Amino acid sequence: MKTILVTGGAGFIGSHFVRHILNTYEDYHVINFDKLTYAGNLENLRDVENNSRYEFVQGDIGNAELVDHVMKRVDYVTNFAAESHVDRSIMGAEDFMRSNALAVYTLLDSARHHNVERFLQVSTDEVYGSLADGEAPWTESSPLAPRNPYSVAKASGDMMAQSFAITYDMPVVITRASNNIGPFQYPEKRVPVFITNAIDDLSLPVYGDGSAVRDHLYVTDHCEAIDLVLHKGTVGEAYNVGGENEANGVDVVEKILDAMEKPRELIKYVTDRPGHDMKYSLNAAKTMDLGWKPKHDFESALRLTAEWYSANEDWWRKIKEGADYQAYYQRNYKNR
Ligand code: NAD
Ligand code: DAU
């Protein structure tokens with residue numbers, strides 16, 4: 001039996017990864033280590049909580065003592081734990097620096113002392129910054145040039161992980177993925193904001209003129225790539241994970257409204273995000289060379305996501321009606 005530590009396993013992508021590992025490997029024990037911030041939700045894992053190969057530990061990856069206690073039993077680490085929302089980082093980035101930068105060091109240091117077999121740092125395409133029109137998609141050797149507080153903190157964690165591979169010969173691998181979509185995504189990110197607002201016939205707030213481009217990746221495709229890089233990736237290297245689904249803000253909002261048979265009149269252009277990164281685009285050939293390919297195109301990923309939010313109103317209404325969400329929503333959208 002191998003033991004895999006999944007930090008941030010109660011969040012959006014981490015919960016899918018916990019499920020993926022339990023369903024894929026009969027000889028893996030999963031420890032989900034999560035602080036349960038506003039974004040952590042154990043309801044995301046109701047279907048596996050009684051699995052004898054699953055266990056949950058509530059804790060902060062910045063808590064060296066607790067991390068060390070758990071790490072004694074661990075063969076593999078996958079670090080999903082992070083503050084993940086750019087707009088919140090613009091309001092204040094202290095928690096981002098603690099969890100996405102400093103705590104990555106704490107986790108790496110403990111994993112090193114316990115000689116873990118593999119440490120996978122879940123990074124992001126945002127660490128590369130923003131592309132100008134006509135510039136080639138990023139490869140793993142493109143320079144890191146983050147531009148917002150969230151991505152600067154993530155780049156710090158990414159570079160610290162690289163430094164452990166170089167300095168201590170530690171078996172570290174890194175993934176840098178594009179915008180994930182799918183079930184259980186906290187409705188502060190664009191796609192679930194748009195889908196849940198459309199269900200309620202509320203306006204869909206498009207930042208700026210809707211020209212910013214993102215690549216979209218269905219969350220289970222991301223989990224498959226992480227699994228592959230964890231087991232087959234070359235130590236010390238980073239791997240881009242892109243869905244080959246690039247679209248700008250206008251395309252995205254129109255596709256969502258069309259898929260949900262809602263009128264275009266719901267589109268509302270609002271004040272842009274400060275420092276908005278205008279284009280992310282990844283060259284994911286290196287990950288594909290390991291044998292990975294995304295299984296979902298943008299249309300099927302959006303359809304599956306919209307169907308899930310339509311069928312699971314209890315999950316997101318509880319969040320949207322909560323005090324944290326209400327405060328965030330007011331703060332982010334009131335004066336736009
Ligand atoms: P999320 O916000 O849905 O979940 C984050 C989880 O981490 C939550 O369960 C939260 O409770 C937990 N957490 C936060 N700080 C913690 C700490 N200090 N200690 C322990 N647990 C903590 O995020 P997500 O969208 O699932 O993203 C997961 C990871 O993937 C992040 O590292 C993010 O940077 C990265 N990523 C996300 C995307 C995306 O599109 N969402 C794309 C590429 C990379
Ligand atoms: O690319 C990977 C990154 O994708 C991850 O590292 C981050 O954790 C994740 O949050 C996501 O970051 P983005 O900033 O790209 O995602 P977000 O959903 O916040 O915004 C996507 C695009 O939509 C972006 O151009 C801003 C725009 N937007 C966003 C919101 C919330 C809107 O137009 N309206 C909105 O209400």
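Every number for a ligand or one of its atoms is a count from 1 in the order of the listing. FYI, the numbering just counts along the sequence from 1. Side chains are part of it too, since the values below use all heavy atoms of this structure and drop only hydrogens, waters and symmetry mates. All of these numbers come straight from a predicted model, not from anything done at the bench.
For the 3.5 Å distance criterion, the side chains of Y328 and E188 fail to qualify, holding no donor opposite an acceptor. Side chain to side chain, Y218 and D297 fail the donor-acceptor criterion of an N or O pair below 3.5 Å.
Residue A103 does not touch ligand 1, judged by heavy-atom distances below 4.0 Å. Under 4.0 angstrom from ligand 2, the non-hydrogen atoms of N179 come from both its backbone and its side chain. Contacts of T7 with ligand 1, taken as heavy-atom pairs under 4.0 Å, are absent altogether.
By heavy-atom distance, the residue among S99, A82, A177, G8 lying nearest atom 14 (C) of ligand 1 is A82. Looking at R190, M278, K154 and measuring to atom 18 (O) of ligand 2, the nearest heavy atom belongs to R190. For atom 29 (C) of ligand 1, the nearest non-hydrogen atom from the set F96, F80, F17, Y38 comes from F80. Which of K189, R273, Q185 comes nearest to atom 14 (O) of ligand 2 through a heavy atom is settled by distance: it is R273.
Remark: K279 does not engage D215 in a salt bridge, criterion side-chain N to carboxylate O under 4.0 Å.
For atom 24 (C) of ligand 2, the nearest protein heavy atom (residue, atom name, distance) is H276 NE2, 3.4 Å.
At least one heavy atom of P205 sits under 4.0 Å from some atom of ligand 2.
The atoms of ligand 2 that sit less than 4.0 Å from any heavy atom of S84 are 7 (C), 8 (O), 9 (C), 10 (O).
Stacking of R88 on the aromatic ring of F96 is not recorded, the 6.0 Å distance cut-off and the 45° axial limit not both being met.
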